[in-house]
**Student:** 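Before I ask anything, let me first share the structure, which is written out below as structure tokens.
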Amino acid sequence: MSHRDAQTDGGVSKKLFCGICEASCGLVATVVGGEVVKLRPDPEHPNSRGFACSKGIAFPAVRVDPDRVLQPLRREPDGSFAPVSWDVALDDIGRRLRAVIKSHGRESIGVYLGNPNGWNYGAFLSLIGLCAALKTKHFYGATSVDINNYWAVGQLLYGNNLANPVPDLHRTDFFLCIGANPVISHGSMINVGRVRETMLGIVERGGRVVVVDPRRTETAELFEHLPIRPSGDVWLLAAMLKVIFDERLHDRRALEQMTRGHETLPMLVRGIDLDRAARETGIPVERITNLARDFAAAPSASVYGRCGASLGPYATLAKYLIDALNIATGNLDRPGGWCFGRPMLDTEKLTALLKLSGYDRWRTRVDGIPEVFGTSPIVSLPREIRTPGPGQLRAMVIASGNPVTSGPASGQIEQTLQELDLLVSLDPYITETSRLAHYVLPPALWLEREGMPIFTQSHSAVPYAQWVPATVPPPKEVREDWWIIDQISKRIGVVPSAAPGAQLLGRLGIRPKPSLLVDMVLRVGPEGDLFGLRRRGLSRKKLIANPGGIKLADGLPTAVLRKRVHHKDRRVHLDHPVITAEMDRLLASPERDDPDYPLRLFSVRELRSQNSWLHNVPKLMAADRVQRLRIHPQDADELGIDDGDEVEIASRHGRIIAPARVSDEVMRGSVGLPQGWGHRGGWRRAVAAGGSTYNLLTTNAPSEVDVPTGNAVFNGVAVRVRPLVTAKEES
Ligand SMILES: Nc1nc2c(c(=O)[nH]1)N[C@H]1C(S)=C(S)[C@@H](COP(=O)(O)OP(=O)(O)OC[C@H]3O[C@@H](n4cnc5c(=O)[nH]c(N)nc54)[C@H](O)[C@@H]3O)O[C@H]1N2
Ligand SMILES: Nc1nc2c(c(=O)[nH]1)N[C@H]1C(S)=C(S)[C@@H](COP(=O)(O)OP(=O)(O)OC[C@H]3O[C@@H](n4cnc5c(=O)[nH]c(N)nc54)[C@H](O)[C@@H]3O)O[C@H]1N2
Ligand code: SF4
Ligand SMILES: [Mo]
């Protein structure tokens, strides 16, 4: 028995981490006869310290789900799926991809990298590698419905897409939380164990937490709630910065020492009119002014924004202003402020070396949207499929993604995916997306493969290292994602790797596994064992022998700016034409709502959902769980809507139906609806749960998304709501 396995009466205990969300909680599995009979939180985990949520604990049900795809499936002419062997599936996929390459070139093959790849380093690196090997620009990711604004600003300010500082919640005196609901989401672009308690700790220390959100969320109700009109954030942030400069509350020394181009900051916000900002946000001028003063006066403070501030228009400008506020108040890189993480694996250096990191080195073929981290935004996908010419997208591999539900203008995604010569989906379920694929290939789940939290390790409030072996073996005909991608790549004569020399090695028949590459990077990196030269350093072998994780430090490092900024002058660069252009666009934007669509719709994330999946897990789907539209009592009253009524929600782009929940948790004039519902395909319980596709209401028009990055806009969507009976009478 290895060091990691502890025999108990009920079976063998094995440590691992949860691969569902960015909390990456430490878990302990009880394994009996090759089956996970129980998952529980690991009280000894350096970061999560005994916390895990209902989703993680319930996950073994996914492994044994009767609807799980357990063999490669081929779609037959009548739309049904027939099981085939791996050889048959892979050989046919290879043949069809070679035909596409022959008639349209390698650059007509595309990839979509979905959210669960964040906990699947092998798949993550192989998908990036496949796109690099094909030299295709059709590299789409869930990042463009999420964090493209983070990645663009990381590159502009700090010189690397992945350089994303985090709020130091363990030490801060003032946490301004904009458009995030960590009590339910457990944090995004932050990795804070026990995040609820950690935030409560700020108040217990005498500090403040202000939550800016159109909804009185589970987070907002614990702290000071500042309601804001959806899409108002960029006005709030810019107005705060203006107050700080106008009243000379900024930290001049910090700006001079740390940055280049800081003199442009006051000019950037000069045109902001506080009265307009008040109207755009629904927050009185006095409250904005006081918030700015309090933020600047706090001994330490950090402002952070997530989906509410990332999935609206002007998302890149909003993210830039978030960093600018932290920097201008002297809070960058200091205790309690806005700090760089201490990752076990230096992904920033790695992505710089592989030339993956970057912004606007090229633009997309049809829409001319700047590239982010070498990827194209999913908003462009339908037009890239439909627009003829060199580089037209003809075949696609979707791994861990459900863009037919999760993506913008989802109806167009659904239609155009069916026009491809070949669509392959790697997914454990027949989903809204994979049901359209020519082949569905079954992947091993995180319980069934080696794991290293490649994405979240950079954001940990308590820096730690973890690498776990598979807890249980995958079912017989199920394969790891990276292996599937490698097999497909083999059949078109490439190695799915961005590493220099990889293609050459491939020609010699050498195809190193992703685990080998990551181990090498770890071992030569700042925390590595330098192949034995550094005795206390890390390696894959050492970590796997300690699968509960190894703490690297008690908290976030500070005073590391010069080491962590990638620009040659080691300064934060603040002056960027793209940001100035966005501010000009904001100031020139008309100040009026569409009278036909007077309400603003925003997304609601639920505790027992994970984006568009996990709706097939019995324990997470109580019988009364339905998708409901939250609407304020006064709005409901004016519209003649009672609690429980079916309503029509219409935007300029589509219409859907949902029952209403009349509640003053949402601000007047805004309505909130959970995304990720309205299932079809083979996950029967999820389909039976009903609901509608939120994203049918959203657009992919390049002028209406985040212009600098193509990040989708899901919040602040102009809608009209009316009782379904009225809608039926009128149509
Ligand atoms: N339980 C659960 N956890 C999850 C997920 C899940 O689906 N379920 N998904 C995971 C993923 S992929 C991510 S990216 C993270 C996201 O993590 P978070 O961003 O923390 O989660 P959200 O619930 O999307 O929070 C966005 C908040 O913004 C508010 N909001 C909407 N529009 C606006 C606006 O215009 N301005 C402002 N200020 N606020 C607005 C919403 O009411 C909501 O409370 O969660 C992760 N964790
Ligand atoms: N309206 C609205 N839309 C949104 C959002 C919003 O706030 N509002 N949030 C956006 C955000 S933040 C995100 S991240 C995206 C997510 O968008 P996506 O990544 O496209 O979608 P997910 O719902 O996470 O779907 C994940 C899929 O991966 C499969 N899967 C799970 N584990 C594995 C695995 O190990 N291997 C493989 N091959 N497949 C696996 C699941 O079955 C599921 O089908 O949605 C976005 N969409
Ligand atoms: S919070 Fe996220 S990582 Fe932790 S157990 Fe729940 S789903 Fe898993
Ligand atoms: Mo996300």
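Source: prediction; values computed, not measured. Remember, it's 1-based here, ligands and their atoms both numbered in the order they're listed.
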**Student:** Report, in ascending order of atom number, the atoms of ligand 1 lying under 4.0 Å from any heavy atom of T217.
**Tutor:** 44 (O)
**Student:** Any side-chain donor-acceptor pair under 3.5 Å between N191 and S460?
**Tutor:** yes
**Student:** Does any N or O of ligand 2 fall below 3.5 Å from an N or O anywhere on Y112, backbone included?
**Tutor:** yes
**Student:** Among R215, E22, Q610, which one puts a heavy atom closest to atom 10 (C) of ligand 1?
**Tutor:** Q610
**Student:** Looking only at the side chains, is there a donor atom on one of T456 and E22 sitting less than 3.5 Å from an acceptor on the other?
**Tutor:** no
**Student:** Pick whichever of P116, P442, S400 has a heavy atom sitting closest to atom 39 (N) of ligand 2.
**Tutor:** S400
**Student:** What protein heavy atom lies closest to atom 21 (O) of ligand 2? Include the residue and the distance to one decimal.
**Tutor:** N402 N, 3.6 Å
**Student:** Hey, is N611 touching ligand 1 through its side chain, its backbone, both or neither, going by heavy atoms under 4.0 Å?
**Tutor:** both
**Student:** Which atoms of ligand 1 sit under 4.0 Å from any heavy atom of P230?
**Tutor:** 34 (C), 35 (O)
**Student:** Would you confirm whether the ring centroid of H138 sits within less than 6.0 angstrom of the ring centroid of Y112?
**Tutor:** no
**Student:** Any N or O of D481 that comes nearer than 3.5 Å to an N or O of ligand 2?
**Tutor:** yes
**Student:** Using a strict cut-off of less than 4.0 Å between a Lys/Arg side-chain nitrogen and an Asp/Glu carboxylate oxygen, indicate whether R229 and D593 qualify as a salt bridge.
**Tutor:** yes
**Student:** At a non-hydrogen distance cut-off of under 4.0 Å, which region of S612 contacts ligand 2 (side chain, backbone, both, or neither)?
**Tutor:** both
**Student:** Carefully, step by step, assess V721 and L629 under the rule side-chain contact (heavy atoms from CB on, under 4.5 Å).
**Tutor:** CA-CA 10 Å; V721 176; L629 180 80; 4.0 Å; yes
**Student:** Does a donor on one side chain sit under 3.5 Å from an acceptor on the other, for R605 and N611?
**Tutor:** yes
**Student:** Could you find the nearest protein heavy atom to atom 6 (C) of ligand 2 and give me its residue, atom name and distance?
**Tutor:** Q675 NE2, 3.3 Å
**Student:** Angle class for the F714/Y694 ring planes (parallel below 30°, perpendicular above 60°, tilted otherwise)?
**Tutor:** perpendicular
**Student:** Just jot down the ligand 1 atoms closer than 4.0 angstrom to any heavy atom of G179, in number order.
**Tutor:** 19 (O), 25 (O), 26 (C), 27 (C), 28 (O), 37 (C), 38 (N), 39 (N)
**Student:** Which one of Y140, F59, F714, W613 has a non-hydrogen atom at the shortest distance from atom 4 (C) of ligand 2?
**Tutor:** F714
**Student:** Using non-hydrogen atoms of the residue, decide whether E606 is closer than 4.0 angstrom to ligand 1.
**Tutor:** yes
**Student:** Should the ring pair F455 and W119 be called parallel, tilted or perpendicular, given that the plane angle runs from 0 to 90° and is split at 30 and 60?
**Tutor:** perpendicular
**Student:** Return the residue, atom name and 0.1 Å-rounded distance of the protein heavy atom closest to atom 43 (C) of ligand 2.
**Tutor:** D427 OD2, 3.5 Å
**Student:** Show the atoms of ligand 1 that are less than 4.0 angstrom away from any heavy atom in F602.
**Tutor:** 31 (C), 32 (N), 42 (O)
**Student:** For the CZ atom on R196, are there more than 12 heavy atoms of other groups (residues, nucleotides or ligands in this structure) within a distance under 6.0 Å?
**Tutor:** no
**Student:** Only heavy atoms of D233, strictly under 4.0 Å: list the atoms of ligand 1 that pass.
**Tutor:** 34 (C), 35 (O), 36 (N), 37 (C), 38 (N)
**Student:** Is it the side chain (CB and beyond), the backbone, both or neither of N181 that lies under 4.0 Å from ligand 1, heavy atoms counted?
**Tutor:** both
**Student:** If we count only N and O atoms by modelled type, under 3.5 Å, do the side chains of S612 and N402 hold a donor and an acceptor together?
**Tutor:** yes
**Student:** Please classify the C307 to ligand 1 contact at 4.0 Å (heavy-atom distances, strictly less than): side chain, backbone, both or neither.
**Tutor:** both
**Student:** Using a 4.0 Å cut-off to any heavy atom of S188, which atoms of ligand 1 qualify?
**Tutor:** 14 (S), 15 (C), 16 (C), 17 (O)
**Student:** Return the residue, atom name and 0.1 Å-rounded distance of the protein heavy atom closest to atom 35 (O) of ligand 2.
**Tutor:** R449 NH1, 2.9 Å
**Student:** Going by side-chain contact (heavy atoms from CB on, under 4.5 Å), Y140 matches just one of T375, V111, I398, L393. Which one?
**Tutor:** L393
**Student:** Report the part of D146 (side chain from C-beta onward, or backbone N, CA, C, O) that has a heavy atom under 4.0 Å from ligand 1; answer both or neither where that applies.
**Tutor:** side chain
**Student:** If the cut-off is 4.0 Å to any non-hydrogen atom of T431, which atoms of ligand 2 fall inside it?
**Tutor:** 44 (O)
**Student:** May I ask you to identify, for V145, whether its side chain, its backbone, both or neither come under 4.0 Å of ligand 2 on a heavy-atom basis?
**Tutor:** both
**Student:** Heavy atom to atom 45 (O) of ligand 2, shortest distance: which of S603, G118, S406 holds it?
**Tutor:** S406
**Student:** Check N115 against ligand 1 and report side chain, backbone, both or neither, counting heavy atoms closer than 4.0 Å.
**Tutor:** side chain
**Student:** Provide the number and element of each atom of ligand 1 under 4.0 Å from a heavy atom of S231.
**Tutor:** 34 (C), 35 (O)
**Student:** What atoms of ligand 1 come closer than 4.0 angstrom to any heavy atom of I228?
**Tutor:** 37 (C), 38 (N)
**Student:** Only heavy atoms count here, so choose which of A315, G308, G716 is nearest to atom 30 (N) of ligand 1.
**Tutor:** G308
**Student:** Should A444 be listed as contacting ligand 2, given a heavy-atom distance under 4.0 Å as the test?
**Tutor:** yes
**Student:** Is P214 in contact with ligand 1, taking contact as a heavy-atom separation below 4.0 Å?
**Tutor:** yes
**Student:** Using heavy atoms and a threshold below 4.0 Å, how should the contact between E480 and ligand 2 be classified: side chain, backbone, both, or neither?
**Tutor:** neither
**Student:** Does W467 reach the side chain of Y121, with side-chain heavy atoms less than 4.5 Å apart?
**Tutor:** yes
**Student:** Which residue and atom name correspond to the protein heavy atom nearest atom 9 (N) of ligand 2, and how close is it?
**Tutor:** R605 NH2, 3.4 Å
**Student:** Is ligand 2 under 4.0 Å from a heavy atom in the side chain of L311, in the backbone, in both, or in neither?
**Tutor:** side chain
**Student:** Check for me whether G676 has a heavy atom closer than 4.0 Å to any atom of ligand 2.
**Tutor:** no
**Student:** Below 4.0 Å, non-hydrogen atoms only: which portion of K55 touches ligand 1? Side chain, backbone, both or neither.
**Tutor:** side chain
**Student:** Under 4.0 Å, counting heavy atoms only: does W446 come that close to any atom of ligand 2?
**Tutor:** no
**Student:** Relative to atom 46 (C) of ligand 1, which among A23, C53, S185 owns the nearest non-hydrogen atom?
**Tutor:** S185
**Student:** Ligand 1 versus S609, non-hydrogen atoms closer than 4.0 Å: side chain, backbone, both, neither?
**Tutor:** backbone
**Student:** Answer side chain, backbone, both or neither: which part of N695 comes under 4.0 Å from ligand 2, heavy atoms only.
**Tutor:** side chain
**Student:** Students often mix this up, so state it plainly: with edges at 30° and 60°, are the rings of W677 and H615 parallel, tilted or perpendicular?
**Tutor:** tilted
**Student:** Using a strict 4.0 Å cut-off to heavy atoms of L426, name the atoms of ligand 2 that fall inside it.
**Tutor:** 37 (C), 38 (N), 39 (N)
**Student:** Can you confirm whether the side chains of Q675 and N695 place a donor and an acceptor under 3.5 Å from each other?
**Tutor:** no
**Student:** Look only at interatomic distance and state if N120 has a nitrogen or oxygen under 3.5 Å from any nitrogen or oxygen of ligand 2.
**Tutor:** no
